[in-house]
Amino acid sequence: MIFKGVVVSVLSCVLFASLYYLSPFLAPLDGEQIFGWRVLVTLPFTTALLCVVKEAAAVRALLTRAFKQPVFALQLLLSAALLGVQLWLFMCAPMNGRALPVSLGYFLLPLVMVVAGRLLFAERLTRAQTLATLVAAAGVGHEIWQAGSMSWETWVVALGYTIYFSLRRRLHTDTLAGHWVDMALLLPAAIVFTLRAPNSWPLVADHPALWPLLLVLGVVSAVALALYMIASRWLPMGLFGLLSYVEPALLVVVAWLLGESIAPQQVLTYVLIFAAVSLLIGDGIWHLWRGRSHRLH
């Protein structure tokens with residue numbers, strides 16, 4: 001089962017990275033229009049998935065709670081808005097030559113979440129996690145020293161997603177049902193983005209080649225999520241967390257394939273970030289091996 005879980009997890013990362021690579025091929029749609037269409041074409045497939053795994057009742061429970069508790073309703077809106085910003089940036093960055101800064105944000109994200117877990121949820125850090133956090137901080141400090149500041153895209157991913165995941169954990173909406181509610185709440189904004197000038201509906205109608213690409217966009221988005229959820233059930237939590245580093249590595253590869261390159265003065269930043277990630281992976285493997293050894297004895 002673990003081997004199957006690893007395969008499923010890696011495949012989900014490959015699919016997410018393929019969405020990154022797909023974005024430029026959806027021209028003449030711009031990044032904001034693609035964000036809108038992604039929500040529109042993903043929601044039906046996510047709804048079908050919701051029915052297959054029989055979580056429709058969980059959605060009804062969340063909506064009932066929202067109607068009874070206005071504060072919870074506002075928190076759901078905030079959760080959807082935080083996700084919307086990430087989806088928007090994910091689709092816009094590759095089309096505007098900003099794929100690498102976003103990739104760096106995804107590398108920093110697990111490290112920022114380690115800190116958030118310690119501060120917000122009183123999770124204890126191992127020595128390796130503490131060292132990794134310090135090494136990553138050195139990388140951030142080097143980038144700030146070189147450029148005067150970190151790219152805003154990097155901060156939006158690293159901090160924005162951390163706030164999003166922390167909020168979902170607090171609200172107990174970190175399920176497929178919670179994700180469906182987020183996507184459904186994004187529907188009005190998605191429609192606005194597809195209708196804003198220039199209206200993308202006639203554009204899509206006039207470019208038949210976009211139709212299958214948009215269909216692929218919806219299917220891949222929904223399937224990637226499904227595989228991600230399956231992997232989270234099949235794998236030990238530690239191994240599942242380690243495999244999350246596959247996606248940002250693939251995003252860097254995609255950025256290179258799209259013609260972006262790391263500036264010489266940024267090399268040390270990426271070396272330090274990769275070193276921090278390697279420390280976390282090594283620490284996770286050690287604890288998994290140690291836990292297995294204890295079980296065997």
Side-chain angles (χ1 to χ4, degrees), residues 9 11-27 29-43 45-46 78-110 112-113 150-165 167-168 179-180 182-187 189-194 196 200 210 213-229 244-260 273:
S9 179
L11 183 55
S12 70
C13 291
V14 171
L15 291 176
F16 282 127
S18 70
L19 292 177
Y20 214 46
Y21 186 73
L22 177 64
S23 299
F25 294 96
L26 292 170
L29 296 177
D30 61 30
E32 293 182 346
Q33 292 169 334
I34 294 174
F35 156 72
W37 280 102
R38 180 183 179 183
V39 174
L40 292 182
V41 299
T42 300
L43 191 57
F45 294 104
T46 304
L78 176 59
S79 176
L82 289 169
L83 176 62
V85 169
Q86 298 299 331
L87 296 181
W88 167 81
L89 183 58
F90 189 86
M91 303 311 295
C92 288
M95 303 190 71
N96 294 281
R98 305 301 296 170
L100 274 176
V102 170
S103 301
L104 180 58
Y106 278 98
F107 272 114
L108 281 174
L109 175 60
V112 175
M113 292 186 68
M150 288 284 284
S151 165
W152 67 267
E153 295 97 339
T154 301
W155 285 121
V156 167
V157 172
L159 296 180
Y161 255 135
T162 299
I163 295 171
Y164 172 68
F165 288 133
L167 178 63
R168 293 191 74 193
H179 176 76
W180 185 92
D182 281 342
M183 294 294 288
L185 290 174
L186 286 175
L187 196 56
I191 294 173
V192 169
F193 275 115
T194 62
R196 67 159 178 77
S200 65
L210 287 176
L213 290 178
L214 289 173
L215 180 62
V216 169
L217 180 67
V219 173
V220 170
S221 294
V223 171
L225 172 65
L227 294 177
Y228 187 80
M229 301 293 285
S244 68
Y245 291 114
V246 173
E247 183 178 348
L250 292 175
L251 295 184
V252 171
V253 173
V254 170
W256 288 338
L257 291 175
L258 294 176
E260 296 186 41
I273 295 300

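Residue numbers run from 1 in the order of the sequence given.
- Looking at residues two or more places apart in sequence or on another chain, you find no side-chain hydrogen bond (donor to acceptor under 3.5 Å, both in side chains) involving Ser12.
- Taking OG of Ser18 as the start and CG of Leu11 as the end, the distance is 9.0 Å to the nearest 0.5 Å.
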Original post:
Does the side chain to side chain contact (heavy atoms under 4.5 Å, CB included) test come out yes or no for Leu89 and Trp152, once each step is laid out?
Top reply: CA-CA 11 Å; Leu89 183 58; Trp152 67 267; 4.0 Å; yes

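- Screening residues 85-96 for salt bridge (Lys or Arg N to Asp or Glu O under 4.0 Å), with sequence neighbours left out, gives no hits.
- Note: Leu217 CG to Leu210 CG = 11.0 Å, rounded to the nearest 0.5 Å.
- Taken to the nearest 0.5 Å, the CG atom of Leu186 stands 10.5 Å off from the CG atom of Leu40.
- A donor-acceptor contact shorter than 3.5 Å is absent between the side chain of Ser221 and the backbone of Gly218.
- When the side-chain hydrogen bond (donor to acceptor under 3.5 Å, both in side chains) test is applied to Glu153, the partners found at least two apart in sequence or on another chain are Arg98, Ser151.
- Contact check for Tyr164 versus Leu167: no side-chain heavy atoms found under the 4.5 Å cut-off.
- Residues meeting the side chain to side chain contact (heavy atoms under 4.5 Å, CB included) test with Phe35, sequence neighbours left out: Val39, Leu87, Trp88, Phe193.
- The shortest heavy-atom contact between Gly105 and Val157 is C-CG1, 3.5 Å.
- Applying the side chain to side chain contact (heavy atoms under 4.5 Å, CB included) criterion to Phe45, with sequence neighbours excluded, gives Leu215, Val219, Ala222.
- For Phe165, the side chain to side chain contact (heavy atoms under 4.5 Å, CB included) partners are Leu109, Met113, Tyr161, not counting sequence neighbours.
- With hydrogens and angles ignored, the 3.5 Å screen pairs no side-chain donor or acceptor of Glu32 with any backbone N or O of Met91.
- For residues 214-223, no pair satisfies salt bridge (Lys or Arg N to Asp or Glu O under 4.0 Å), with sequence neighbours left out.
- Counting heavy atoms from C-beta outward, Leu19 and Leu15 have side chains that stay 4.5 Å or more apart.
- Between the CG atom in Leu83 and the CZ atom in Arg168 there is a gap of 7.5 Å [rounded to 0.5 Å].
- In this structure, Ile34 CD1 and Leu22 CG are separated by 7.5 Å, a value rounded to the nearest 0.5 Å.
- Counting heavy atoms from C-beta on, the side chains of Val102 and Thr154 never come closer than 4.5 Å.
- Checked against side-chain hydrogen bond (donor to acceptor under 3.5 Å, both in side chains), Thr162 has no partners two or more places apart in sequence or in another chain.
- Checked against ring pair (Phe, Tyr, Trp, His ring centres under 6.0 Å), Phe90 has the following partners two or more places apart in sequence or in another chain: Tyr20.
- Legend: residues meeting side-chain hydrogen bond (donor to acceptor under 3.5 Å, both in side chains) with Tyr21, ordered by chain and number and at least two apart, are absent.
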Subject >> Criterion side chain to side chain contact (heavy atoms under 4.5 Å, CB included) on Asp30 and Arg196, from CA distance to verdict >> reply: CA-CA 11 Å; Asp30 61 30; Arg196 67 159 178 77; 2.5 Å; yes

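- Atom CG of residue Leu185 and atom CH2 of residue Trp180 lie 8.5 Å apart, to the nearest 0.5 angstrom.
- Taking Val192 as the reference, nothing meets the side chain to side chain contact (heavy atoms under 4.5 Å, CB included) condition, with sequence neighbours excluded.
- Summarising the geometry of Leu29 relative to Ser200, their closest heavy-atom pair is CD2-CB, 3.8 Å, with the distance given to 0.1 Å.
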